[in-house]
Amino acid sequence: MNEPNLNSSNGADEQTSKTPRVVIVGGGFGGLAAAKALRKAPVEVVLIDRTNHHVFQPLLYQVATSVLAPSQMSSPIREVLRRQNNTTVVMGEVTGVDKAQRCVFVSDADREQVGVPYDYLILATGARHSYFGHNEFEKFAPGLKSVADAVGIRNKILSAFEQAEAEENVDLHRDLLTFVLVGAGPTGVEMAAALAIFVRTSLRSEFRRIDPTSARIVLIDAARKVLGTFAPSLSEAAEFHLQKLGVEIHLGHAVEEIDSEGVIVAGERIASKTVIWTAGVTPSPAGKWLGTETDRAGRVRIQPDLRVPNHPEIFVIGDTASLDQDGKPLAGVAQVAMQQGRYAGKLIRRQLTGKKPPKPFRYFDKGTMAVVGKGYGVLQSGTVRLHGLVAWLAWAFIHITFLSQLSLKISVFLQWGWLFLTGQRGSRLIVNYQQSEPAQTTPAPAVASNRGTQPARLETTLTK
């Protein structure tokens, strides 16, 4: 594909006599599904994401608990879409939308507010963790939404054991080896179970001065049950299994305070040096960019065809969108985003080829599941309710199936099999991404500027 002129001073008007351009913001499940659905469409696709990789978010907790390496559940977006000759990938952060001029504004490290025009816009910008008005908690309780988050949490967990091993004051061991997870949804439950198994199997024989099996894992939620969206029988089964694994569960009370010394819940302080936020999420600022109606959470209210009212050229999908079905809002899960992405791509393709548009979007619920440690899962699909080994096998099969590349499917399958048989984990490195100290202390000689060898900037990428 020839390098497209992504930035045009005439905006979308200059595009009218050319191939229609579809700009997709976000390379998550929804954005990637939309791009793939447009593979054979007569369009120019521009996918913009702040990172260069797609993340399989349901497995982030396995990076945080050393089951998988980051490269086993994330893929370069360019590699995933390498065979799509009509698609260009741009790494940059979208900071706004001009609906009148039909362009989005993109920034990177050395260029601000570059306008990228569109004929169709698909916003799939996802969500980030929400601290429910207590943003001061974030400093002490990191969330889990990116590979960097997962690696950072892995560092904190592994470092806690290393610090306890070296700590002379045995009274501090308990604080160092207490891990608090705030939020008992699927992420919190899965991570608590994985962490419990980690400390009681993989680590139990590797330290000499501490006993890793004495680690305390505490799961807290303001709700009255774990896995609140699951059927009561499955929620109870999951809670019982967590307790068998040694996880302490505190329900019915919200966290009142989080600081460097731990958390306060129901007036009681739980001392801990490692607190992890696995509670709610908040959508991207797409609603503010568009200046359109949003729900109470800030998600954009969309029509049944996933378009923004009065703007048939703009689609909003996934966690960023709010759409009711059968009187209830659709959940912010990967399957919703993927199906919406495919629908948006199909609608654009059919419109441009003069075909009848598809029926209004309707989500097909394939079921909900969570894994609660080794060989145990919970699954609900329609009237089917399963828990135990069969549900765990179904969970494993489905997650492997939806990984974006064959190499990842094979790698994860082998790693899970090895872990199941031996208890040995994939990546237990404490990696702090900091620049090394310079080797030389004297100033380097001045080198004449050679612009021909400079790395490409966003400005030159977007402007011909």
Side-chain angles (χ1 to χ4, degrees), residues 61-62 64-67 131-132 134 137 140-144 153-154 156-161 163-164 170-204 207 210-228 230 232-280 370-378 387:
Y61 82 94
Q62 296 209 353
T65 53
S66 300
V67 176
Y131 290 87
F132 306 111
H134 291 279
F137 290 173
F140 308 105
L144 187 60
I153 291 172
R154 184 185 72 191
K156 285 176 68 71
I157 293 171
L158 295 175
S159 294
F161 286 96
Q163 291 171 25
V170 294
D171 293 335
L172 295 180
H173 288 180
R174 183 168 179 81
D175 294 358
L176 286 167
L177 299 183
T178 296
F179 303 91
V180 177
L181 292 86
V182 182
T187 301
V189 166
E190 291 179 338
M191 188 163 182
L195 189 54
I197 292 174
F198 183 31
V199 302
R200 287 162 177 75
T201 57
S202 301
L203 296 182
R204 65 180 304 160
F207 291 85
I210 61 171
D211 177 11
T213 64
S214 68
R216 183 185 181 197
I217 300 165
V218 183
L219 182 63
I220 301 172
D221 201 295
R224 295 290 180 180
K225 64 175 186 175
V226 303
L227 298 177
F230 284 68
S233 61
L234 296 181
S235 176
E236 292 171 5
E239 182 175 347
F240 178 73
H241 195 72
L242 283 170
Q243 291 171 336
K244 283 181 62 178
L245 293 174
V247 177
E248 296 180 30
I249 302 174
H250 295 249
L251 301 174
H253 297 282
V255 168
E256 301 163 15
E257 185 178 341
I258 303 177
D259 56 29
S260 61
E261 301 302 319
V263 305
I264 296 177
V265 57
E268 174 192 355
R269 173 169 285 279
I270 300 175
S272 171
K273 298 297 184 181
T274 305
V275 182
I276 303 166
W277 190 266
T278 56
V371 63
V372 194
K374 179 180 178 180
Y376 194 93
V378 293
H387 60 88

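For the pair H250 and V263, the minimum side-chain heavy-atom distance is 4.5 Å or more. Inter-residue side-chain proximity for I217 and L242 is flagged as unmet; no heavy-atom pair is nearer than 4.5 Å. For the pair L181/V247, no side-chain contact is recorded, criterion being any heavy-atom separation below 4.5 Å from C-beta on. Taking the side chain as every heavy atom from C-beta outward, I153 and L144 approach each other to under 4.5 Å.
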Step-by-step side-chain contact (heavy atoms from CB on, under 4.5 Å) determination, I270 to I220: CA-CA 11 Å; I270 300 175; I220 301 172; 4.2 Å; yes
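Atom CG of D211 sits about 11.0 Å away from atom CG of L203, to the nearest 0.5 Å. Note that NZ of K273 is 14.5 Å distant from CZ of R174, once rounded to the nearest 0.5 Å. Taking CG of L245 as the reference point, atom OH of Y376 lies at 10.0 Å (rounded to 0.5 Å).
Under the rule for a ring pair (Phe, Tyr, Trp, His ring centres under 6.0 Å), F140 has no partner lying at least two apart in sequence or in another chain. Taking the side chain to side chain donor-acceptor pair (under 3.5 Å) definition, one finds that H253 meets it with nothing, sequence neighbours left out. Applying the side chain to side chain donor-acceptor pair (under 3.5 Å) test to R200 and every residue at least two apart in sequence or in another chain returns nothing.
When all heavy atoms of A64 and I157 are compared, the closest pair comes out as O-CD1, 3.6 Å. For I258 against F137, the heavy-atom pair with the smallest separation is N-CE2, 3.5 Å. In this structure, A215 and F179 approach most closely via the heavy-atom pair CB-CE1, 4.1 Å. Heavy atoms only, all atoms of each residue included: T278 and G188 are closest at OG1-CA, 3.4 Å. Nearest heavy atom pair, residue G373 against residue A193, reads N-CB, 3.4 Å. In terms of heavy-atom proximity, I276 sits nearest to M191 at CD1-CE, 3.6 Å.
For the pair E190 (side chain) and A370 (backbone), a donor-acceptor distance under 3.5 Å is absent. For Y131 (side chain) and W277 (main-chain N/O), no donor-acceptor pair under 3.5 Å exists by modelled atom type. A donor-acceptor distance shorter than 3.5 angstrom exists from the side chain of H173 to the backbone of A164, with no hydrogens or angles considered. Between the side chain of K225 and the main chain of E239, no donor-acceptor pair closer than 3.5 Å is present. Side-chain atoms of D221 never come within 3.5 Å of backbone atoms of R224 as a donor-acceptor pair (strictly under, hydrogens ignored). In this structure, S272 contributes its side chain and T178 its backbone to a donor-acceptor pair below 3.5 Å.
Using bins of under 30°, 30° to 60° and over 60° for the plane-to-plane angle, the ring pair F161/F198 lands in the perpendicular bin.
Remark: E248 engages R216 in a salt bridge, criterion side-chain N to carboxylate O under 4.0 Å.
By the neighbour-count criterion of 12 heavy atoms within 6.0 Å, atom CZ of R269 is densely surrounded, having more than that number from other residues, nucleotides or ligands. Counting heavy atoms of neighbouring residues, nucleotides and ligands inside a 6.0 Å radius, atom CZ of F240 does not exceed 12 of them.
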